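The structure appears below as structure tokens.
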Amino acid sequence: NTKIVAVLPVMGIVAPDTKAYALLAKSIAELKQATYVNKIFLPTTDCKLAEFFGVLWLDRLAIPNADNLGIDQFMKKCLEVIELVGDYPDALLYVNYDYLNRPENIFDELIIDAQYKGYDTVFPAYLDYGHYWLKNAHEDYQQTDTSMQKRSEREPIYQALYGLGCLTSTDIIRRGKITGGKIGILPIDDFKSTLRLRDFDPMSNQEPR
């Protein structure tokens with residue numbers, strides 16, 4: 001009974017016969033296959049692109065300064081536009097088509113996780129067992145984990161992969177946040193799921209908004 005609306009932003013022109021276009025088509029196909037995604041909005045300046053893929057068009061020009069907004073503020077503005085046309089979803093599913101290897105059925109997994117465990121936000125994260133250092137306010141270096149135990153005995157760091165699919169309740173989105181409330185994380189242990197087109201083709205310029 002929950003209404004889930006997917007938002008798949010497109011910034012600039014995505015030309016046919018490019019890798020970016022192929023990834024966009026693949027992401028839309030995966031969203032259409034998802035059992036629990038009710039609608040798909042494509043925020044783009046090109047209405048014909050949305051029409052070609054058979055999804056709903058959200059005019060990026062209706063969002064002031066859209067290309068410079070962070071994803072949290074961008075999603076808030078998208079929700080405002082969606083509600084203006086009479087749609088009132090319970091949650092938004094943010095998707096970035098730039099990812100090369102999205103796990104199968106991940107959209108439904110996120111939605112099921114949220115419903116059965118009462119999460120306000122659910123997103124995938126890569127389990128990282130590496131050793132990391134941070135520089136503090138005093139310009140000193142500090143370990144995130146001092147343990148030198150083997151991997152099986154250490155707690156991982158969770159690298160958020162919002163673009164694979166981040167499900168957020170509209171109550172949180174209205175506050176201008178993409179994460180908040182009770183947080184759920186879907187663990188991903190396949191490094192290939194972290195790879196993006198821009199890692200190999202900087203000219204693709206695909207930003208997560």
Side-chain angles (χ1 to χ4, degrees), residues 4-34 37 39-61 63 65-78 92-111 121-128 130 132 156-168 178-179 185-209:
I4 308 296
V5 167
V7 177
L8 186 61
V10 176
M11 186 164 63
I13 301 300
V14 182
D17 301 322
T18 63
K19 182 64 175 176
Y21 191 91
L23 287 174
L24 175 61
K26 181 173 179 286
S27 297
I28 292 172
E30 290 169 345
L31 282 167
K32 287 183 174 182
Q33 290 170 3
V37 174
K39 292 185 178 181
I40 305 166
F41 279 88
L42 206 66
T44 174
T45 56
D46 183 2
C47 63
K48 292 183 179 179
L49 189 66
E51 182 181 349
F52 175 79
F53 284 117
V55 297
L56 296 166
W57 178 49
L58 195 158
D59 188 0
R60 284 182 73 96
L61 297 179
I63 301 176
N65 203 31
D67 291 352
N68 296 314
L69 294 177
I71 187 58
D72 47 4
Q73 289 298 315
F74 182 83
M75 291 294 284
K76 178 183 178 182
K77 295 298 182 182
C78 285
L92 294 188
L93 177 64
Y94 163 65
V95 178
N96 184 348
Y97 64 88
D98 193 47
Y99 283 83
L100 299 176
N101 303 287
R102 182 171 282 107
E104 190 175 356
N105 299 322
I106 192 169
F107 302 134
D108 281 338
E109 286 188 44
L110 292 167
I111 295 165
T121 308
V122 192
F123 56 86
Y126 177 65
L127 301 180
D128 192 336
Y132 295 93
I157 291 175
Y158 292 83
Q159 178 189 343
L161 302 172
Y162 302 125
L164 285 180
C166 181
L167 183 71
T168 309
I178 197 172
T179 61
I185 288 181
L186 191 66
I188 302 290
D189 56 11
D190 186 354
F191 178 73
K192 290 188 297 183
S193 296
T194 70
L195 301 177
R196 300 175 60 178
L197 178 60
R198 70 176 188 177
D199 297 330
F200 303 94
D201 180 12
M203 298 302 292
S204 68
N205 194 33
Q206 295 304 317
E207 294 295 332
R209 58 177 180 274

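Small disclaimer: the values here were computed from a predicted structure and weren't measured.
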side-chain hydrogen bond (donor to acceptor under 3.5 Å, both in side chains) with D17: which residues, sequence neighbours excluded? none
Do you know which two heavy atoms are closest between T194 and Y99, and how far apart they sit? O-CE2, 4.0 Å
Can you sort out the partners of F41 under ring pair (Phe, Tyr, Trp, His ring centres under 6.0 Å), two or more places apart, ordered by chain and number? none
As a test of understanding, state which of L24, I13, V55 forms a side chain to side chain contact (heavy atoms under 4.5 Å, CB included) with L49. L24
Is there side-chain contact between F74 and P43, with heavy atoms separated by less than 4.5 Å? yes
How far apart are the closest heavy atoms of P156 and L127, and which atoms are they? CG-CD2, 4.1 Å
Residues passing the side-chain hydrogen bond (donor to acceptor under 3.5 Å, both in side chains) test with D128, sequence neighbours excluded, are Y132
With heavy-atom distances below 4.5 Å as the criterion, would you say the side chains of L93 and L31 are in contact? yes
Between C78 and V7, which heavy-atom pair has the shortest distance, and what is it? SG-CG1, 4.1 Å
Does atom CD of Q159 have more than 12 heavy-atom neighbours, drawn from other residues, nucleotides or ligands, at distances under 6.0 Å? yes
Does any non-hydrogen side-chain atom of V5 lie less than 4.5 Å from one of L92? yes
Tell me every residue that passes side-chain contact (heavy atoms from CB on, under 4.5 Å) with S193, counting only those two or more places apart in sequence or in another chain. P103, L164, I188, D190
Between L197 and L100, is any pair of side-chain heavy atoms under 4.5 Å apart? yes
Over all atoms of both residues, closest heavy-atom pair of A34 and F107: CB-CB, 4.1 Å
Can you tell me how far the CD1 atom of I63 sits from the CE atom of M75, to the nearest 0.5 Å? 10.0 Å
All salt bridge (Lys or Arg N to Asp or Glu O under 4.0 Å) counterparts of K76, not counting sequence neighbours: none
Please report the shortest heavy-atom distance between P9 and V95, naming the atom on each side. CD-O, 3.3 Å
Which residues satisfy the side-chain contact (heavy atoms from CB on, under 4.5 Å) test with F52, sequence neighbours excluded? Y21
Could I get the full list of side-chain hydrogen bond (donor to acceptor under 3.5 Å, both in side chains) partners for K39, not counting sequence neighbours? D87
Rounded at 0.5 Å granularity, tell me how far CG in L58 sits from CD1 in I40. 13.5 Å
E109 meets the salt bridge (Lys or Arg N to Asp or Glu O under 4.0 Å) criterion, sequence neighbours left out, with none
Residues two or more places apart in sequence or in another chain: which of them pass side-chain hydrogen bond (donor to acceptor under 3.5 Å, both in side chains) with D108? T35
Quick one: CD1 on I106 to CG on L167, what's the gap to the nearest 0.5 Å? 11.5 Å
Atom pair CD (Q73) and CG (N65), whose distance is rounded to the nearest 0.5 Å: 11.0 Å
To the nearest 0.5 angstrom, please state how far the CD1 atom of I178 sits from the CZ atom of F123. 9.5 Å
As an exercise, state the distance from CZ of R196 to CG of L161, rounded to the nearest 0.5 Å. 9.5 Å
Please identify each residue that fulfils side-chain contact (heavy atoms from CB on, under 4.5 Å) with T45, with sequence neighbours left out. R60, L61
What pairs with K32 under salt bridge (Lys or Arg N to Asp or Glu O under 4.0 Å), at least two apart in sequence or on another chain? none
With a 3.5 Å distance limit and no angle check, can you tell me whether W57 reaches the backbone of T44 through a side-chain donor-acceptor pair? yes
Considering residues at least two apart in sequence or located in another chain, which fulfil the side-chain contact (heavy atoms from CB on, under 4.5 Å) criterion with S27? L8, Y97, R102
